[in-house]
Amino acid sequence: MTGADTAQQNALRPVDEHRRRVAGLIPAPRVVEMAVDQALGRVLADDVIAPQSLPGFDNSAMDGYAVRAAETIGATTESPVALPVTADIPAGRTDELTLEPGAAHRIMTGAPMPAGADAVIPVERTDGGTTRVAIGAQVSVGASVRRAGSDIEAGEVALRAGATVTAPVIGLLCALGLAHVRVYAPISVVVLSTGSELVTPGTPLRHGQIHESNGPMLVAALTEAGADATAIHFVPDDVAAFRARLDEIIATTRVDLILTSGGVSAGAYEVVKDALTGPDVEFVKVAMQPGMPQGSGHYRAANGTRVPIVTLPGNPVSAQVSFEVFLRDPVRASMGLATGRPRITAELTTGLSSPKGKRQFRRGIVVADEQGTRVEPIGPPSSHHIRFMASANALIDVAADVETLAAGTPVEVMLISE
Ligand SMILES: Nc1nc2c(c(=O)[nH]1)N[C@H]1C(S)=C(S)[C@@H](COP(=O)(O)OP(=O)(O)OC[C@H]3O[C@@H](n4cnc5c(N)ncnc54)[C@H](O)[C@@H]3O)O[C@H]1N2
Ligand code: MOO
């Protein structure tokens, strides 16, 4: 190794150190009260105590007749018990009824049981009469009755803090009569792409132009991670325009994090770097491939607000891998969501090489079958191969001190499609 090589290696920051630096910038969880029907995917900040029992009242589990069970003893199809039907109780009837001895009330599923009744005989076991009913089977006490509180009693813990709001959780909260719930707020992320070569997808290209892909990709990655992300139309390679756009956004909306891609390496027109260089943002090279040039710190807006900012490299694979390695976990942690992509060991199907001194995250496809768990590296290592990133289900994590790996070697992989 030459002296220059050594100097460059020394300048590279280890991946884990940069992970800690980025994690330290992401805001702590913030609790908000949210409408239950908006809370899908959020995490409960507090235990939820049932404000009412479920069911709230004894009710029928079947369409049929509310009876006193003792009055049906001995009833059979051949020798039914006949009772007058003295009331009709559809679901939603709100007056309180009493079943007098020697009578039946026609009752529907979910309708409140009349006082005095202790069982329901399903309509199929009767002649379905509306003024008088012939009951063709005996029922035992409690048959087809859903007792008040049999699902949950008022005062019980219905849901624990830390639970993720799923569709059934929304169902339970609504059933308990709750319209709002305390959850961790989604963090609000503004995603900016820079580069004069970028053109909106759907628009024809001129020579030298490309379609902007990082912005929508990072918004999607953030959304999948649970954040509230918005892509801001990319700005040209112009420092003043870049700052003006950010200042305008910060003055008008809540921004918890700014995420940029592009413009951070060594070129002559690195707008992000040029606009942010100063004591609040540091630009470093991380010992990683892809994703070497990285920036992080705070953006000081014109109105004095300091907003965390993370600047990812522009190559699409670098941007996406950097998101996985540095941002996904802290972003999820800031909303109380579970962190850590699953990591497994898999056998390499083909050998690969990795740059000395850099931790490499190679795209791969993990296959698990009776022959074991294997990972096939797909595509070359360079960071413009978005095609292979799009079909990978794993990142092969090659340690910085490893330069070659033979086929058959067990490697650690991070599963990126859940
Ligand atoms: N002399 C050096 N050149 C480069 C270095 C270096 O250390 N010294 N680092 C290389 C590495 S590694 C990376 S990664 C890239 C990072 O470059 P930037 O972050 O400055 O990004 P740009 O130059 O703006 O773009 C790089 C590449 O990605 C394309 N790009 C950018 N934004 C988007 C977008 N929103 N959608 C799709 N594609 C995008 C852009 O057109 C470029 O092809 O620098 C190397 N160079
Ligand atoms: O380090 Mo860059 O992110 O590979 O192409």
Side-chain angles (χ1 to χ4, degrees), residues 7-27 189-195 213-215 217-219 221-222 225 227 229 234 237 242 246 256-267 269-300 306-334 341 354-363 381-384 386 389 395 397-400 414 416:
Q8 207 217 344
Q9 298 302 322
N10 287 344
L12 298 183
R13 170 183 284 179
V15 169
D16 286 338
E17 189 183 326
H18 194 65
R19 269 172 69 92
R20 285 192 291 277
R21 156 90 186 172
V22 171
L25 295 171
I26 310 297
V189 188
V190 162
V191 176
L192 269 121
S193 302
T194 59
S213 59
N214 290 352
M217 175 176 69
L218 291 169
V219 166
L222 283 157
F234 49 83
D237 285 345
F242 177 85
L246 273 182
D256 296 312
L257 173 68
I258 302 161
L259 185 59
T260 70
S261 70
V264 294
S265 58
Y269 309 99
E270 306 293 18
V271 64
V272 174
K273 211 170 186 177
D274 296 345
L276 301 173
T277 296
D280 289 340
V281 182
E282 62 166 15
F283 291 95
V284 294
K285 288 189 174 185
V286 175
M288 166 168 161
Q289 188 206 46
M292 182 176 70
Q294 299 284 344
S296 59
H298 287 94
Y299 177 75
R300 194 183 292 273
R306 285 176 91 236
V307 182
I309 184 163
V310 174
T311 72
L312 304 179
N315 279 314
V317 179
S318 311
Q320 181 63 21
V321 169
S322 300
F323 176 82
E324 284 288 343
V325 172
F326 298 120
L327 275 159
R328 191 173 185 275
D329 278 355
V331 159
R332 286 179 65 81
S334 76
R341 291 285 204 188
S354 180
K356 189 177 175 64
K358 285 188 189 168
R359 187 162 159 189
Q360 193 188 46
F361 292 90
R362 281 289 279 272
R363 281 63 69 200
S382 20
S383 49
H384 63 286
I386 187 67
M389 182 81 227
L395 292 176
D397 188 349
V398 185
M414 186 172 145
I416 54 170

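All residue numbers refer to positions in the sequence shown, counting from 1. Fair warning: this is a prediction, and the values are worked out from it, not measured in the lab.
Side-chain contact check for M389 versus L395: some heavy-atom pair is nearer than 4.5 Å. At a threshold of 4.5 Å between non-hydrogen side-chain atoms, the residues V310 and F326 do not count as touching. Considering only heavy atoms from C-beta on, R21 stays 4.5 Å or farther from V284 through its side chain. Counting only heavy atoms from C-beta outward, the side chains of P313 and M292 never approach each other to under 4.5 Å. Put simply, the side chain of S354 does not reach to within 4.5 Å of the side chain of R362, judged on heavy atoms. Contact annotation: the side chain of V189 never approaches that of V331 to less than 4.5 Å [non-hydrogen atoms, C-beta and beyond].
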For R19 and D16: C-alpha separation, side-chain torsions, deciding distance, then whether side chain to side chain contact (heavy atoms under 4.5 Å, CB included) applies. CA-CA 5 Å; R19 269 172 69 92; D16 286 338; 3.6 Å; yes
Quick one, K358 with M288, criterion side chain to side chain contact (heavy atoms under 4.5 Å, CB included). Give me CA distance, side-chain angles, the key distance, then yes/no. CA-CA 5 Å; K358 285 188 189 168; M288 166 168 161; 5.7 Å; no
Tell me, with the steps shown, if L312 and L327 meet side chain to side chain contact (heavy atoms under 4.5 Å, CB included). CA-CA 10 Å; L312 304 179; L327 275 159; 4.2 Å; yes
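Of all non-hydrogen atoms in A319 and L218, the two that sit nearest each other are O-CD2, 4.0 Å. Taking every heavy atom of both residues into account, P290 and F361 meet most closely at CD-O, 3.6 Å. Smallest separation of non-hydrogen atoms from Y299 and L276: CD1-CD2, 3.4 Å. When every heavy atom of V219 is checked against every heavy atom of A229, the shortest pair comes out as CG1-O, 3.8 Å. Of all the heavy atoms in G291 and V286, the pair that sits closest is O-CB, 4.3 Å. Between S213 and P316 the shortest heavy-atom distance is OG-CG, 4.1 Å.
At distances below 3.5 Å, at least one donor-acceptor pair connects side-chain atoms of R363 with backbone N or O atoms of P381. Between the side chain of R359 and the main chain of P14, no donor-acceptor pair closer than 3.5 Å is present. The closest donor-acceptor contact from the side chain of N214 to the backbone of S193 lies at 3.5 Å or more, if one exists at all.
Taking CD1 from I309 and CG from L25, the interatomic distance works out to 10.0 Å, rounded to the nearest 0.5 Å. In this structure, the separation between CG on L246 and CD1 on I258 is 4.5 Å, given to the nearest 0.5 Å. The NZ atom of K285 lies 7.5 Å from the CG atom of L12; values are rounded to the nearest 0.5 Å. Remark: S334 OG to L257 CG distance equals 8.5 Å, nearest 0.5 Å. Interatomic distance, CZ of R328 versus CD1 of I416, reported as 10.0 Å (0.5 Å rounding). Separating the CG atom in D397 from the CD atom in Q360 is a distance of 10.0 Å, to the nearest 0.5 Å.
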